[in-house]
Amino acid sequence: MSDAAQPTAAEVRAAAEAVKTALDRHLAAVERRSGENDPAVYEAFNELAAAAEEYDELLYDRYDEVTPFEIPGTEDTLPPYGGPEEPNAISVLIRRDYAVVEPQRLIAQAERIEAADAQAAAAASAAAGTVHGALGLLFGEFEPDEIASRHKEFGLDEGDSTLWVTASDEAPEPGEWLEAPFEGADPGGIVCRFDVSAVFDDEQDDDVDDRDVLEDPDEPDDLEEDEDVDEDDLEPLDAER
């Protein structure tokens, strides 16, 4: 990180004070908790985790030091399950994000869909020539899971995704959740949750970059430049690889 982008000592000190305040609030919430799944304790826990993570990042950026705090992941921060013991219904909430990285490829796929249906071609010809129209045709033709497995064919690049499984006593009334499908999800009713994000990959890459790579002393050195190599012994590369 450049010197210009480094946090100031005052910012690090303020983050440390925020951790102290969050610790006090968490302890106070625990002391006056009303039950095992007290939402106040859950909220204070999340605030403390966020404050500790912020302090840890600023401390490292400024002083190249770390804290002994282990910031829990998404599954660890879920509140204890408070849903029905024998649920009669479940809801699976899924969100997948994509970036349109090759619009021409996307439009070309939509045009193929049109060409396969002569009757719909005339009505939808204008739509296939636009990105939003091509997306409409694509998602109207293929199931979301198939698009997820073939996204590169359609000029899309995967972004973050999340899947929640929630349990309830009764299935919701038809149409009542359509306007905001995630809004009514009760954190206490989540059976499991799976998140996929490039943020996690970046963190793993940072861990690898920070570690020294040890060379194997038994590994042979590269071929010398003047060493003769028989071209007949070289296998051709697989063009599809």
Side-chain angles (χ1 to χ4, degrees), residues 1-83 91 93-101 157-166 177 179-214:
M1 177 177 290
S2 65
D3 293 338
Q6 283 186 345
T8 64
E11 289 175 329
V12 179
R13 173 63 60 179
E17 293 299 326
V19 173
K20 298 175 186 177
T21 301
L23 275 169
D24 291 337
R25 290 177 178 172
H26 181 260
L27 177 58
V30 171
E31 290 174 336
R32 60 173 182 266
R33 69 190 310 165
S34 59
E36 183 178 354
N37 299 325
D38 191 329
V41 175
Y42 172 61
E43 182 179 356
F45 173 88
N46 284 338
E47 290 177 357
L48 177 57
E53 184 173 13
E54 176 72 9
Y55 172 62
D56 188 88
E57 291 178 355
L58 293 178
L59 185 72
Y60 182 80
D61 291 342
R62 177 69 185 183
Y63 300 110
D64 199 24
E65 290 290 342
V66 296
T67 68
F69 306 143
E70 181 179 353
I71 308 303
T74 301
E75 292 184 359
D76 295 330
T77 59
L78 287 176
Y81 177 69
S91 297
L93 310 179
I94 302 175
R95 171 172 172 166
R96 298 187 180 113
D97 289 349
Y98 298 95
V100 180
V101 292
D157 193 14
E158 283 184 317
D160 291 355
S161 66
T162 186
L163 182 150
W164 302 3
V165 179
T166 64
W177 52 265
E179 293 297 327
F182 278 76
E183 187 176 293
D186 179 12
I190 296 178
V191 177
C192 58
R193 173 174 172 173
F194 304 98
D195 296 321
V196 177
S197 175
V199 173
F200 306 144
D201 296 335
D202 292 341
E203 291 174 353
Q204 293 175 358
D205 292 342
D206 291 342
D207 291 341
V208 172
D209 293 340
D210 291 341
R211 293 195 297 267
D212 292 332
V213 179
L214 301 179

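All heavy atoms count here, side chains included; hydrogens, waters and symmetry mates do not. Just so you know, these numbers come straight off a predicted model, no measurement behind them.
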Interatomic distance, [X] atom [atom1] to [Y] atom [atom2] [nearest 0.5 angstrom]:
X      : Y      : atom1 : atom2 : result
Tyr55  : Tyr60  : OH    : OH    : 15.0 Å
Asp56  : Glu65  : CG    : CD    : 10.5 Å
Glu47  : Arg25  : CD    : CZ    : 6.0 Å
Thr67  : Leu58  : OG1   : CG    : 11.5 Å
Arg32  : Leu27  : CZ    : CG    : 9.5 Å
Asp160 : Asp195 : CG    : CG    : 8.5 Å

Handout entry: Partners passing salt bridge (charged side-chain N to carboxylate O under 4.0 Å, His left out) against Arg96 (at least two apart in sequence or in another chain)
Key = Asp145

Nearest atoms (heavy-atom pairs only) where [X] meets [Y]:
X     : Y     : answer
Val12 : Leu59 : CG1-CD1, 4.1 Å
Ala40 : Ala29 : O-CB, 3.9 Å
His26 : Val41 : CD2-O, 4.2 Å

Exercise for the section: Could you point out which residue of Val165, Leu163, Thr162 forms a side-chain contact (heavy atoms from CB on, under 4.5 Å) with Ile94? Expected result: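 So, applying the side-chain contact (heavy atoms from CB on, under 4.5 Å) to Ile94 and each of Val165, Leu163, Thr162, only Leu163 qualifies.
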
Can you list everything that forms a side chain to side chain donor-acceptor pair (under 3.5 Å) with [X]? Sequence neighbours excluded, please.
X     : result
Arg33 : none
Thr21 : none
Asp24 : none
Arg62 : none

Problem - Ring centre gap for Trp164 and Phe194 strictly below 6.0 Å - result: no

Exercise for the section: Compare all side-chain heavy atoms of Gln6 with those of Asp61 and state whether any distance is below 4.5 angstrom. Expected result: no

Exercise for the section: Check whether any side-chain heavy atom of Asp157 sits under 4.5 Å from a side-chain heavy atom of Tyr98, and report yes or no. Expected result: no

Completion exercise
Contacts satisfying salt bridge (charged side-chain N to carboxylate O under 4.0 Å, His left out) that involve residues 7-22 (not counting sequence neighbours) are Glu17-Lys20

